[in-house]
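Chain letters run A, B, ... following the sequence lines, proteins first, then strands; residues in each count from 1.
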Amino acid sequence: MDYKFSEIEGKWQAFWAKNGTFKAENSSNKPKYYVLDMFPYPSGAGLHVGHPLGYIASDIFARYKRLKGFNVLHPMGYDSFGLPAEQYAIQTGQHPAITTTQNINRYREQLDRIGFSFDWSREIKTSDPNYYRWTQWIFQQLFNSWYNTNSQKAESIDILISIFQNEGNHGVKACASESDEFTASQWNSFDEATQQKILLNYRIAYLADSWVNWCPALGTVLANDEVKDGYSERGGHPVEQKLMKQWSLRIAAYADRLLQGLDLVDWTDPIKEMQRNWIGKSEGAAIAFQLLGHSENITVFSTRPDTIFGATFLVLAPEHELVNSITTQNYIEAVKAYQQSAAVKSERDRMSDVKTISGQFTGAYVQHPFSNEKIPVWIGDYVLASYGTGAVMAVPAHDSRDYAFAKHFNLPIVEVVAGGDISIASYDAKEGTMINSDFLNGLNVKEAIRKVIEKLEAAGIGKGKVNFRLRDAIFGRQRYWGEPIPVYYKNEIPYLIASEDLPLNLPEVDKFLPTEDGEPPLARAKDWKYKGQYNYETTTMPGWAGSSWYYLRYMDSQNEQEFANADSLKYWNQVDLYIGGSEHATGHLLYARFFCKFLFDLGYLNFDEPFKKLINQGMIQGRSNFVYRINGTNQYVSYDLKEQYQTTALHADVNCVENDQLNISKFKASFPEYANAEFVLSAGKYHCGFEVEKMSKSKYNVVNPDDIISRYGADTLRMYEMFLGPLEQSKPWNTNGIEGVHKFLRKFWKLYHDEQFNFSINEAAPSKEAYKSLHKLIKKVQEDIERFSFNTSVSSFMICVNELQDLKCNNRAILKELVVLLSPYAPHIAEELWALLGYENGTLSTTAFPTFDPSYLVEDEFSYPISINGKTKINLAISLQLEQQAVIDLVLSSEDVQKYLEGKTPKKVIFVKGKIINIVL
RNA sequence: GCCUGGGUGGUGGAACUGGUAGACACGCAGGACUUAAAAUCCUGUGACCCUUAUCGGUCGUGCGGGUUCGAUUCCCGCCCCAGGUACCA
């Protein structure tokens, strides 16, 4: 029979499903191994060719580990809450649960066609109430906990309450919001509401004011993703920054542990580095500057307290809480105007734009704590409210941003660390001798930092402080399609619903839009009240809530009593190998580590790092196309003419575009809001712009794997995706070269067949060459899999098959092992040949991986490249038995080499055995 | 802007620890088989120069420097691209 991949693949996929071949047991004599993929968000566009890249790699690894004798847990599920489904619901009125189910079914079909060895009995969906009741349960634990900085862990809020009852909060060391001090008797005399308000300052899940992208026209908060250049992507309305009370999680309490934990996990350095930088630990001092004419002072955080005598002005974030109260009469209007201009900028814009320097004097002054000089207070949008204290002491001589600000506004620059030339630029290095600095003069930077902190602490106006860039995580979203937060309000105080009332199901609503007064969609739910009388919280959890602990649920996914049974948690323990995109480096991976540490603190887990080893697959990038909307209109201008207008670039679906030319009727049909679009064409055509960026539904550049499977089969797709290049490298999708991989599988098939495609295998002993070829491959494939270099394995398979073909080898002893070697990569063809070879169906998955025998590879000669001055000239085959001097003598006396020597005597001869000989003239 | 990664033939990539740059494929060109096509197989294929051809030479891993007998690999300074930048997932 010819290689009929579609028959073979369907047959074995059905076999695996029917026989539960890959079902993992929660106990076994074999050692355990947990291989996890980052589960997908089931988008409406279906699985795209980028998703399987990591899944194929992890599947190869999982299958390899089974062959190596492990009990492998390899599950899959869906991260099924999220914005796209909600946006689709807003556009069509279709309930997101319906579209999500459709999408999941489609994903499942697509995944099944690729032949993964998932244990589907453990499948989870984060939007399933049976799953999210436990996400809600975890939220309740967060609400019921506080972070004790003495014990460095989360503890029950009941412990805190009893401390308050007995001692007040004087001795409590906690990661908490600001709280006034109170005694035990005061606490006991507080009414319920006061007590609850105080506790909210300590809870790990707490309410706080946070800045959000507010779009007045849409009456809703927008994701950064939905804001383009200060306008909403939907509709093009202006967006501003607004404070809003929202649920937050005190992840910052874990900053130090999240940092330290990185030393204990086997992740790549770049990912660890990104997390370290994200957490951003910095040591310095908090310094209070007394406001002149006010009772308050302004606290700044500085990593360079040594430069305090160079502080010539303070800069506050425009939204700093003191700005309005300290601004003097003359400056009120200017400050207001500046605040408004800052409010329309996103934080990212403010950070990236270093060229435009802007700011405004407030009219207020503070007193320098040591020199007593009058220092002006400015506001400037390069200072962010969310970092440190939202205020900096500006030391223009030794900080480049302060320097630029001072130059621009003509503020004094005082050099306090010798070593630079401040007439040209600031001198930011932490090296040099202090000058112009009173009691710090003559000290070096390090000594000065120590000394100034000592003085500040003695004077009670400052203290040494460790600051983290990591901020608490906002946990509320003004959205419908997310986990309801299991909280109700009584007298405006939040309370948890009883845990026996979980799950708190998402209520039905008439529309998936905010209410007319800008309340989140859940506020539309009719008669939705706890115990029939209390209002529920109407925000929902963010997309990352469910994904922060899903790896635990797989261990015991059907459990209705607990999020997972303790024995299962103990047995499967950490994820041994986690594969996913590096775009999750600081989001998902940090949140999941946070949840893990929290559950560990509460005693539910006996490990506090979720993912032992992490491999980041690169992205299969998409090639996106763009249309250019003229701002404030529904008109779109061709790429080549866009400079003549003020435009916003919007993604056009690549399925509406061919050769970068827009198919206008397809485009109009792609979205209701494009139905009446008008176009400014160039020579009758609409040219789209393009960019290589990640493949995602939101970028409308998705390519599906289905047609590739129909044409070439899943085994070809699997091998081709691996063949594309190193797993961790990003690359744009293209199908050049898929033919070669497919041809390889056909050749592989032919090794087991005669010219007429009859299965034909030879029982005789193989040749030495055939053994050599096989064992070269065994060594290579094993090494490659262990270091996740799957692309090089594919090449090695090709080389081996080419060699065996040349040798006309069809010996069972070789070909049996070859099937096993290939099976993790191309499991369907391998199963079929395994069956043809006469072995029992399904046993391939758990047979033993071939053992490498080095004796087949021993060489007695090596063809040495001979270099003259580092440039390779010729090759000489020389016995590997010979030692350095004998080889050199042989080489120098060789006629071919003599030609290059031109009678000269070499200055030096470099000899590296088995590698190279270099003659230096 | 900041953090992280990447840049090698026409294309995807290989070179694992500083040791023959371009393995393995795709594409292209030529050939075999075929009435023809598909499929399959064979040969060639980094650029430039010399040569009738061989033989041979020079250059070449984003750009500019450096270390080294030897650099795609290490160091310094740039350029470009991608991911993240706290409400996309």
Side-chain angles (χ1 to χ4, degrees), chain A residues 38-41 43 79 81-84 210 212-213 221-227 246 268-271 273-274 276-278 280 347-355 382 386 401 469-474 476-479 542-544 547 581-588 590 616 618-619 621 691-694 696-699 720 723-726 728-732 734-741 743-744 746-747 750 783-784 787 789 791-792 794-799 802 863-867 869-875 906-910 912 914-921:
Chain A
M38 288 186 186
F39 63 167
Y41 172 78
S43 90
D79 188 14
F81 274 131
L83 265 187
S210 326
V212 295
N213 299 312
V221 174
L222 295 177
N224 288 332
D225 222 41
E226 301 172 294
V227 183
Q246 306 221 71
T268 58
D269 287 331
I271 292 287
E273 197 58 21
M274 276 191 259
R276 285 193 192 103
N277 293 332
W278 184 261
E347 199 169 82
R348 195 181 309 171
D349 288 341
R350 281 167 58 171
M351 280 190 293
S352 19
D353 186 5
V354 291
K355 288 188 188 110
Y382 76 103
S386 53
R401 297 291 308 256
R469 203 182 74 100
L470 180 69
R471 314 201 284 252
D472 282 347
I474 302 172
R477 299 287 183 267
Q478 330 291 307
R479 302 286 176 181
W544 51 269
S547 61
S582 61
E583 70 270 26
H584 300 285
T586 51
H588 161 63
L590 202 61
N616 290 110
M619 254 176 303
Q621 291 159 329
E691 241 174 75
V692 171
E693 54 185 358
K694 72 175 176 176
S696 92
K697 167 125 202 263
S698 66
K699 306 202 184 298
Y720 181 61
F723 189 62
L724 269 179
E728 65 279 8
Q729 226 167 71
S730 297
K731 48 240 160 188
N734 74 88
T735 40
N736 297 350
I738 196 164
E739 292 281 350
V741 173
K743 247 191 260 177
F744 157 75
R746 296 177 60 89
K747 277 192 213 171
K750 277 191 73 179
E783 283 172 0
D784 283 351
R787 67 188 171 103
S789 173
N791 56 322
T792 48
V794 178
S795 301
S796 307
F797 279 121
M798 289 174 172
I799 292 168
N802 288 345
S863 175
Y864 278 94
I866 314 294
S867 307
N869 290 334
K871 288 186 199 272
T872 308
K873 297 293 179 187
I874 52 167
N875 284 285
K907 285 192 192 126
K908 201 171 171 187
V909 181
I910 311 282
V912 183
K915 292 267 185 197
I916 199 168
I917 293 157
N918 185 18
I919 300 165
V920 186
L921 288 180

Separation of the P atoms in B/rC80 and B/rG64, to the nearest angstrom: 16 Å

Between A/Asn918 and A/Gly870 (side chain of the first, backbone of the second, donor and acceptor by atom type, cut-off under 3.5 Å), is there such a pair? yes

Would you indicate what A/Val212 reaches in the nucleic acid, counting non-hydrogen atoms under 4.0 angstrom: base, sugar-phosphate, or nothing? base

What distance, rounded to whole Å, do you find between the two P atoms, one in B/rA71 and one in B/rG19? 11 Å

Could you grab the distance from atom CD1 of A/Ile738 to atom CZ of A/Phe723, nearest 0.5 Å is fine? 11.0 Å

Please work out if A/Lys907 contacts a base, only the sugar-phosphate, or nothing of the nucleic acid, heavy-atom cut-off 4.0 Å. nothing

Categorize A/Arg401 for me: base, sugar-phosphate, or nothing, with a 4.0 angstrom heavy-atom threshold over every strand shown. nothing

Side-chain donor or acceptor of A/Tyr864 paired with backbone N/O of A/Asn875 under 3.5 Å: no

Given the P atoms of B/rU54 and B/rU45, what is the spacing between them in whole Å? 11 Å

Reckon A/Pro726 touches a base, only the sugar-phosphate, or nothing at all at heavy-atom distances under 4.0 Å? sugar-phosphate

B/rA15 and B/rA21: how far apart are their P atoms, nearest whole angstrom? 16 Å

Mind checking if A/Lys750 touches a base, just sugar-phosphate, or nothing, with heavy atoms under 4.0 Å? nothing

Please determine, by modelled atom types, if A/Ser795 and A/Thr792 share a side-chain donor-acceptor pair under 3.5 angstrom. no

Contact interval (first through last nucleotide) of RNA chain B with protein chain A, 4.0 Å heavy-atom: B/rG1 to B/rA89

If we take the P atom in both B/rU72 and B/rG66, what is their distance in whole Å? 15 Å

Using a 4.0 Å heavy-atom cut-off across all strands, classify A/Met798 as base, sugar-phosphate, or nothing. sugar-phosphate

Looking across every strand, which nucleic acid part, if any, lies under 4.0 Å from A/Thr792 by heavy atom: base, sugar-phosphate, or nothing? sugar-phosphate

Determine the Euclidean distance between corresponding P atoms of B/rU73 and B/rC16; express it in Å to zero decimal places. 12 Å

Give A/Asn791 one of three labels, base, sugar-phosphate or nothing, depending on what nucleic acid heavy atoms sit under 4.0 Å from its own. sugar-phosphate

What's A/Arg787 touching, base or sugar-phosphate or nothing? Going by heavy atoms closer than 4.0 Å. base

Not counting sequence neighbours, which residues clear salt bridge (charged side-chain N to carboxylate O under 4.0 Å, His left out) with A/Glu273? List them please. A/Arg276

C1' atom, B/rU8 versus B/rC63: distance in rounded Å? 15 Å

B/rG30 and B/rG70: how far apart are their C1' atoms, nearest whole angstrom? 39 Å

Salt bridge (charged side-chain N to carboxylate O under 4.0 Å, His left out) involving A/Arg479 - partner list, sequence neighbours excluded: A/Glu226

If you look at every strand shown and take non-hydrogen atoms under 4.0 Å, does A/Gln621 touch a base, only sugar-phosphate, or nothing? sugar-phosphate

